[in-house]
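If you're wondering where the values come from, they're calculated on a predicted model, not measured in any experiment.
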Amino acid sequence: MTTDQLQKYLLDDRSTRIQTVDLTETWHTGLAHQSYPPVVRDLLGQLCAASVLLASNIKFDGSLVLQLQGDGPLALIVVECQSDLSLRATVQLRQEFVVPDNATFQSLLNVNGNGRFIVILDPTDRQEGQQPYQGVVPMEGDSVAQVLEHYMKQSEQLDTRIWLAANAQRAAGLLLQRLPDHGGTADDAEAHQESWQRTRILAQTLTQEEMLSESPETLIHRLFWEEPLLTFEPQPVRWFCPCTRERVGNMLKMLGQAEIESILSEQEKIDIACNFCGKPYTFDAIDCARLFIDGQSPEDPPEPIAH
């Protein structure tokens with residue numbers, strides 16, 4: 001059972017939503033078979049934390065996908081978070097680029113102004129022919145958090161502040177969101193606005209170092225100890241990639257026996273790694289021969305994998 005969780009709070013006057021997410025075990029699992037430049041690794045961790053914060057507020061059964069398409073050293077970064085807060089992610093770097101340690105969000109992804117940030121909502125019960133919702137987010141800002149804040153303001157008309165941090169050991173996030181006023185008087189609306197401003201000012205003291213060294217509970221107490229908070233039941237977060245050896249074998253089988261034998265004539269074995277988790281799979285000549293035994297048939301198409 002994972003110890004990682006998303007925690008939700010609400011100001012007593014119902015004016016502001018507060019959420020924290022802590023990814024430690026989940027993050028370690030996601031990085032177990034991957035090796036990225038530190039600046040890319042940290043960006044991926046921040047995007048993972050952001051996906052959990054946003055997915056937890058979507059009232060549907062399905063997945064939220066945050067996708068960054070870059071025109072610089074980072075070609076593609078995708079994070080998918082299901083409604084049960086299980087997530088997976090993948091990164092594609094351009095081999096012709098060297099990623100400097102001091103690379104910024106914009107220099108990684110938007111060197112020539114052609115970078116794209118896409119938000120996709122894909123419901124589980126989507127009908128045949130129905131396309132998932134897709135929104136293109138302007139690349140405005142110097143971080144994932146700033147870009148998503150602009151997106152939430154434009155698409156949802158909600159004032160939102162997001163803090164994200166990640167390193168090799170942990171990914172974490174904090175979200176504040178001003179909730180719409182429903183009824184009430186002008187005085188109530190003014191009081192709610194004051195609550196939002198006060199909460200936002202308190203949270204602005206938060207640093208990435210604190211987020212990566214302190215527990216979310218400690219940070220919430222430190223920031224909002226004078227604020228009456230309603231606390232909700234925490235939700236577990238976990239890394240989940242559906243790749244299996246059987247699925248990979250079925251993908252190889254779909255290539256056909258002649259193609260597999262051709263590959264094996266040039267090399268002793270076939271090495272494949274899952275695009276999402278990086279888990280390696282090796283098939284030697286005997287393993288490949290077993291794939292084509294009469295009576296065996298492929299199951300559902302496998303997840304995307306790469307040689």
Side-chain angles (χ1 to χ4, degrees), residues 4-24 45-59 64 66 81 85 105 117 119 137-138 140-166 170-237:
D4 296 346
Q5 61 184 26
L6 172 101
Q7 181 68 64
K8 291 185 176 184
Y9 306 88
L10 198 60
L11 285 193
D12 194 44
D13 63 4
R14 273 68 168 178
S15 66
T16 303
R17 172 189 289 136
I18 303 172
Q19 294 177 187
T20 63
V21 64
D22 175 28
L23 306 179
T24 300
Q46 292 171 25
L47 202 64
C48 285
S51 72
V52 176
L53 291 171
L54 298 182
S56 66
N57 293 322
I58 299 173
K59 308 301 182 189
L64 166 72
L66 301 181
C81 186
L85 302 189
F105 178 79
F117 195 154
V119 176
V137 184
E140 299 175 359
D142 297 321
S143 66
V144 170
Q146 290 182 10
V147 173
L148 286 174
E149 287 171 0
H150 292 150
Y151 169 74
M152 295 301 296
K153 182 64 175 177
Q154 293 176 11
S155 67
E156 307 294 332
Q157 284 77 54
L158 292 175
D159 289 320
T160 305
R161 287 300 317 275
I162 301 172
W163 289 260
L164 303 169
R170 191 178 191 182
L174 170 71
L175 177 144
L176 301 183
Q177 196 165 71
R178 169 83 159 91
L179 299 178
D181 292 317
H182 296 291
T185 65
D187 288 342
D188 291 335
E190 183 177 350
H192 289 178
Q193 181 63 24
E194 290 177 356
S195 292
W196 161 251
Q197 292 177 345
R198 183 176 65 254
T199 307
R200 182 170 50 83
I201 291 170
L202 290 171
Q204 284 176 346
T205 62
L206 186 63
T207 66
Q208 289 202 342
E209 289 74 19
E210 288 177 309
M211 295 178 69
L212 295 172
S213 61
E214 302 289 353
S215 70
E217 295 80 9
T218 298
L219 294 179
I220 289 296
H221 177 72
R222 183 178 297 173
L223 294 172
F224 308 118
W225 64 276
E226 290 186 316
E227 302 291 331
L229 297 178
L230 302 176
T231 304
F232 296 86
E233 200 64 31
Q235 298 171 252
V237 185

Side chains of [X] and [Y] in contact at under 4.5 Å (non-hydrogen atoms):
X: Pro236; Y: Gln5; answer: no
X: Trp163; Y: Gln204; answer: yes
X: Leu175; Y: Leu54; answer: yes
X: Leu64; Y: Val119; answer: yes
X: Pro216; Y: Leu219; answer: no

Between [atom1] on residue [X] and [atom2] on residue [Y], distance to nearest 0.5 Å:
X: Leu164; Y: Leu148; atom1: CG; atom2: CG; answer: 7.5 Å
X: Ile220; Y: Leu174; atom1: CD1; atom2: CG; answer: 5.5 Å
X: Ile162; Y: Tyr151; atom1: CD1; atom2: OH; answer: 11.0 Å
X: Leu229; Y: Ile18; atom1: CG; atom2: CD1; answer: 5.0 Å
X: Leu212; Y: Arg170; atom1: CG; atom2: CZ; answer: 7.0 Å
X: Leu53; Y: Arg17; atom1: CG; atom2: CZ; answer: 11.0 Å

Applying salt bridge (charged side-chain N to carboxylate O under 4.0 Å, His left out), can you list everything that pairs with Glu217, at least two apart in sequence or on another chain? none
In chain order, what residues pass the salt bridge (charged side-chain N to carboxylate O under 4.0 Å, His left out) check against Arg161, with sequence neighbours excluded? Glu149
What salt bridge (Lys or Arg N to Asp or Glu O under 4.0 Å) pairs are there with at least one residue in residues 199-215, not counting sequence neighbours? Glu210-Arg222, Glu214-Arg222
Check against side chain to side chain contact (heavy atoms under 4.5 Å, CB included), Gln197 and His192: CA-CA 9 Å; Gln197 292 177 345; His192 289 178; over 6 Å; no
What heavy-atom pair brings [X] and [Y] nearest, and what distance separates the two atoms?
X: Phe117; Y: Val147; result: CD1-CG1, 3.2 Å
X: Gly141; Y: Gln146; result: CA-OE1, 3.2 Å
X: Ala203; Y: Phe224; result: CB-CZ, 4.2 Å

What residues form a side chain to side chain donor-acceptor pair (under 3.5 Å) with [X], not counting sequence neighbours?
X: Thr24; result: Asp22
X: Gln193; result: Arg178
X: Ser213; result: none
X: Gln19; result: Ser56, Asn57

With sequence neighbours excluded, residues passing side-chain contact (heavy atoms from CB on, under 4.5 Å) with [X]:
X: Val52; value: Leu6, Val21, Cys81, Leu85, Leu87, Val237
X: Leu158; value: Glu156, Thr160, Gln177, Pro180
X: Ala172; value: Met211

Ignoring hydrogens and angles, write down the donor-acceptor pairs under 3.5 Å from the side chains of residues 9-16, residues two or more places apart or on other chains.
residue, atom, partner, partner atom, Å
Asp13, OD1, Ser15, N, 3.0
Asp13, OD1, Ser15, OG, 2.7
Asp13, OD2, Ser15, OG, 3.4
Asp13, OD2, Ser195, OG, 2.6
Arg14, NH1, Asp12, O, 3.0

So which pairs with a foot in residues 223-235 pass side chain to side chain donor-acceptor pair (under 3.5 Å), sequence neighbours left out? Arg198-Glu227
